[in-house]
Amino acid sequence: MSTTQQLNLTKGTEAKSPGRWLALAVLVLAVLLVAVDATVLGLATPSLSEDLKPSGTQLLWIGDIYSFVIAGLLVSMGSLGDRIGRKKLLLIGATAFGAVSVLNAYATSPEMMIVARALLGVAGATLMPSTLALIRNIFHDPKERSLAIGIWGATASAGAAIGPVIGGALLQHFYWGSVFLINLPVMAVLVLVGIKLLPESKNPVAGPWDLISVGLSLVGVIGVVYAIKEVASHGLTWEVVAAAAIGAATLYAFVRRQHTLASPLLDMRLFKHRGFSGAVLADLLTVFGLSGLVFFLSQFLQLVQGREPLEAGLAELPAAIGAVVTGLIAGRYARRFSVRAVVAGGLGAIGLALAVITLVHKETGYPLLGAALLVVGLGAGFSFTVTADVILSSVPKEQAGSASAVSETAYELGAALGIALLGSIVTGVYQGFATPAGVPADAAAAAHESLGGAVEATAGLAPDAATALVSAAQVAFVDGLRIAAGVGAAVLLATAVAAWFLLKGQKLEDGVEH
């Protein structure tokens, strides 16, 4: 037998080792937890609002600061994993994630809750790029890697959708902090099992970690997203203009700096590849539609239709089911048909489902909502899984952490933008409702902060005034939800068209890597 044959046989044996699937199970556990934490707070919002009494703006920050910080740090953490080792970073991050979850669970004020959620985002940023980069290094057969990424992607999409189910189950029996305490046993299992099963991998020639670039990426992303959130809620003010200008200038400085560094945090040359850039854009907007819809339907189902937390969580389960089903078969369909057909089709499906949501009203039956959620999940599973595979397959293994971070940045930024931009539309429309006659000024002010605030403000009011106030607030919230869904539908359908052209000729790999 020749040396080449022996080498190929050795690599093939390594690729078929059963340990790789056990390692994948550990990585999926980390992904699931981070994805769940992005949406689990949705159902806890009413009880959290009652306990901490945040303003409408504080409530939005509690909901989206986690994703903002993750988005701002993912590129930096992906690059750090390439340098110090992805396994090491994953285990450190998992330990920190569990510890900070306790701080979230026992927050005593809106300000403390926002800080705790931000710290949880710092820990979460270490987990996601590490998981995808490790998959790139564990699975050498491209078809097996597509399946592994499909499982990973399905878990990420499903995690966002089953967050409300887990939250609902916990909130039926425990206080709102329990949605964070559940992280502790899961992270303990991840660390203990991961130490044994996960292989270490890193870029042997990655160079130093540039702290200036880390700061620039964090400030730039948060500045831009904050500006988007604020302009949708309060219009164009000098604070919004300043935040947008600082964020854009900082991101420009980040890009310029990457071009001058011998060992950049992010190799900007990757974006010159049309398929890579198209996949990143599709990634971002897939999650934009999914997270925005799930977050606000949670409030619609509870505060408008009066469902219990667990019932509302279970009502959103079709999105998780759809994402899992298509995530597992997305790679096969992309090879059989084409990458652009699967991705554009997935984006188009999400856009059409969001368009259906523009028809909802307070009495809308569940079949329509359930069908829309199922279609969103099906589209997200197809699009997100294939784009992640395209991104990861387009770089050498040594740069897997940085490429994974790009994919995850798109994911988390999409989640943040979905909640911030669509949420700000909902909030802006909601706050414009007319106060019914007979409602005191202090109750009216509380009601205009949020729908949860309107429900709480009815305490002590005359029955007729209370009913009129809640009814007006619910109508305004549904109006905002419909407009936000329409905006989301337009964005997703336009992106489907763009993806069809940007991903032309893009293919997934076949065969075993040698």
Side-chain angles (χ1 to χ4, degrees), residues 19 22-41 65-107 112-138 152 155-156 159-160 163 166 170 177-203 206 209 211 214 218 400-402 404-405 408-409 411-412:
L22 294 174
L24 177 65
V26 175
L27 298 177
V28 161
L29 192 62
V31 172
L32 179 65
L33 204 56
V34 176
V36 164
D37 265 67
T39 57
V40 71
L41 205 58
I65 189 64
Y66 172 77
S67 293
F68 287 0
V69 173
I70 286 184
L73 286 176
L74 274 169
V75 169
S76 301
M77 292 304 180
S79 179
L80 181 61
D82 287 343
R83 286 159 169 77
I84 70 170
R86 292 133 191 167
K87 174 182 177 179
K88 182 185 297 183
L89 185 65
L90 179 69
L91 296 180
I92 291 172
T95 303
F97 199 90
V100 178
S101 293
V102 177
L103 184 62
N104 279 261
Y106 293 106
M112 182 178 176
M113 188 68 193
I114 291 170
V115 171
R117 287 284 284 170
L119 292 174
L120 198 66
V122 175
T126 67
L127 301 178
M128 296 295 270
S130 298
T131 59
L132 196 52
L134 284 166
I135 289 174
R136 177 70 171 85
N137 284 271
I138 290 170
W152 177 92
T155 304
I166 295 173
L170 290 170
S178 61
V179 302
F180 297 106
L181 294 178
I182 193 67
N183 295 341
L184 296 178
V186 178
M187 281 302 176
V189 171
L190 190 158
V191 171
L192 293 174
V193 178
I195 290 172
K196 296 289 186 182
L197 287 181
L198 294 178
E200 184 58 281
S201 68
K202 59 183 176 180
N203 186 350
W209 198 53
L211 288 175
V214 173
L218 179 62
S402 296
S404 303
E408 283 308 305
T409 300
Y411 181 96
E412 293 299 336

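This is a predicted model, so every value here is computed, not measured.
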- Task: With sequence neighbours excluded, tell me which residues meet side chain to side chain contact (heavy atoms under 4.5 Å, CB included) with Val186.
- Result: Leu29, Leu33
- Query: What pairs with Val26 under side chain to side chain contact (heavy atoms under 4.5 Å, CB included), at least two apart in sequence or on another chain?
  - Reply: Leu190, Val193, Leu197, Leu198
- Query: How would you list, by chain and number, every residue that makes a side chain to side chain contact (heavy atoms under 4.5 Å, CB included) with Leu192, sequence neighbours excluded?
  - Reply: none
- State whether the side chain of Thr126 and the backbone N or O of Val122 hold a donor-acceptor pair below 3.5 Å, judged by distance alone. no
- How long is the span from the CG atom in Leu120 to the CZ atom in Phe180, to the nearest 0.5 Å? 7.0 Å
- Message: With side-chain contact (heavy atoms from CB on, under 4.5 Å) as the criterion, how do Leu127 and Leu90 come out once you've worked through the C-alpha distance, each side chain's angles and the decisive distance to 0.1 Å?
- Response: CA-CA 5 Å; Leu127 301 178; Leu90 179 69; 3.6 Å; yes
- Message: So which atom in Met187 and which in Gly98 form the shortest heavy-atom distance, rounded to 0.1 Å?
- Response: CG-N, 4.2 Å
- Sequence-distant partners of Ala96, side chain to side chain contact (heavy atoms under 4.5 Å, CB included), two or more places apart: Ala123
- Note on the structure: When rounded to the nearest 0.5 Å, the distance separating OH of Tyr66 from CG of Leu119 is 12.5 Å
- Task: Mind listing the closest non-hydrogen atom pair of Val69 and Ala118 along with its distance?
- Result: CG1-O, 3.6 Å
- Within a strict 4.5 Å, meaning less than it, do heavy atoms of the Val214 and Leu73 side chains meet? yes
- Item | Min side-chain heavy-atom separation Arg117-Asn104 under 4.5 Å | yes
- Message: side-chain contact (heavy atoms from CB on, under 4.5 Å) for Leu80 and Met77? Distances and angles first, verdict last.
- Response: CA-CA 5 Å; Leu80 181 61; Met77 292 304 180; 4.1 Å; yes
- Query: Which atoms form the tightest heavy-atom contact between Ile195 and Lys87, and what is the distance?
  - Reply: O-NZ, 2.9 Å
